[in-house]
Amino acid sequence: MSEHVEWSDTEAAPTPSAPAPVTPADAADAARLVAFGLQPKLQPARDQEYAELLRRYREDPPFARLADAVAAGLGLIVLEVSPRAGMAVTAAEDSVFAVRMGDYARRTSADGGDRFLHGLAHLAIAAMAFPRPEDLADDAYIGRVSVNGVDAFVRQACRRLEERAEETGENTDPATDAPGLEAAWRIWARRSAAGATKDARRLAGSTTGIVGKAAAFLTDSGFLQRTGDDNGGTYRTTARYQLQVRDMAGSAAMAELLELGVVPVTDGTPTLVPAADDDAELVADAGLPFHS
């Protein structure tokens, strides 16, 4: 006599598999990917381990969440994870990796008033590199700037703002011993464009020297690539810089600088279009990619 065994629906249903636990090796890989992201000049196409971790991030959601958590714990904001940009991160204001405008200016000059000029140089480079919203939206777009072109751009903006100040009767000659009371454009307009040392090198405190320092910093940070020596040095943008500027494009300072209408051509030459007649004003003491 055979025994008949009945199975209930509950017994027949397969038990859902529990998510695989996070292992120390997973955590190490996630931290490794974030570490790669903190090396902005490193290209995934040239590093097999980096490329493999990027692939895992895109194909393994739990691993992606783990990597995002590691980045967040370090005070980093993930802008994009892709083969073109790698793991592109930017530092939040409270991150140990945040670069502050004051610290940057102190490393480049002993003059506290130059803090305004260095911030304006970074702002102008970003505005020249991506002068239109569609430039920031197009992943294939490459911006081009030059040191002399950025200086010419800012000086034309200075002239436009000075004209506006005269029209409204604002004080255009504040106390020279209180540079903190001056708008950044006034300090820039008074500074020598180039100057030279005894061996014909560009003065670091000149406006082109300041722009050159900003461009060198952005190049070291993986945001620009130097392409030549014409016009004081020519540069092209990288995918990381586009993401950085895209993230900060909503700032009032950048928007108002662009709204002045002093929009340069995008091949890096110092040719500028005539200024438009509008009511925008430049916000002083703003810089990319810094925190105040």
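Note that the structure is predicted; figures quoted are calculated from it, not measured. Position 1 is the first residue of the sequence; numbering continues from there.
- Of the charged side-chain nitrogens involved, at least one lies within less than 4.0 Å of a carboxylate oxygen, so that Arg55 and Glu59 count as a salt-bridged pair.
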Checking Arg65 against Asp68 for the salt bridge (charged side-chain N to carboxylate O under 4.0 Å, His left out) test, could you report, in this order, the C-alpha distance in whole Å, the side-chain angles of both residues, the deciding distance, and whether it holds? CA-CA 5 Å; Arg65 290 193 294 270; Asp68 289 344; over 6 Å; no

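- Using a 4.0 Å cut-off between charged side-chain N and carboxylate O, Glu49 and Arg32 make a salt bridge.
- Under a 3.5 Å cut-off, the side chain of Arg240 and the backbone N or O of Met87 do form a donor-acceptor pair.
- Within the model, atoms CH2 of Trp188 and CG of Leu117 stand 6.0 Å from one another, a figure rounded to the nearest 0.5 Å.
- For the atom pair Leu38 CG and Leu74 CG, the distance stands at 7.5 Å (nearest 0.5 Å).
- In this structure, CE in Met128 is found 12.5 Å from CG in Leu123, a value given to the nearest 0.5 Å.
- A donor-acceptor pair is defined here as one N or O able to donate and one able to accept, closer than 3.5 Å; such a pair exists between the side chain of Asp135 and the backbone of Arg132.
- Side-chain contact, Thr227 with Thr234: a donor N or O sits under 3.5 Å from an acceptor N or O.
- Judged by distance alone, the side chains of Thr90 and Gln244 do bring a donor and an acceptor atom under 3.5 Å apart.
- Between the side chain of Arg246 and the backbone N or O of Leu136, at least one donor-acceptor pair lies under 3.5 Å.
- At least one donor-acceptor pair under 3.5 Å links the side chain of Thr208 to the backbone N or O of Ala193.
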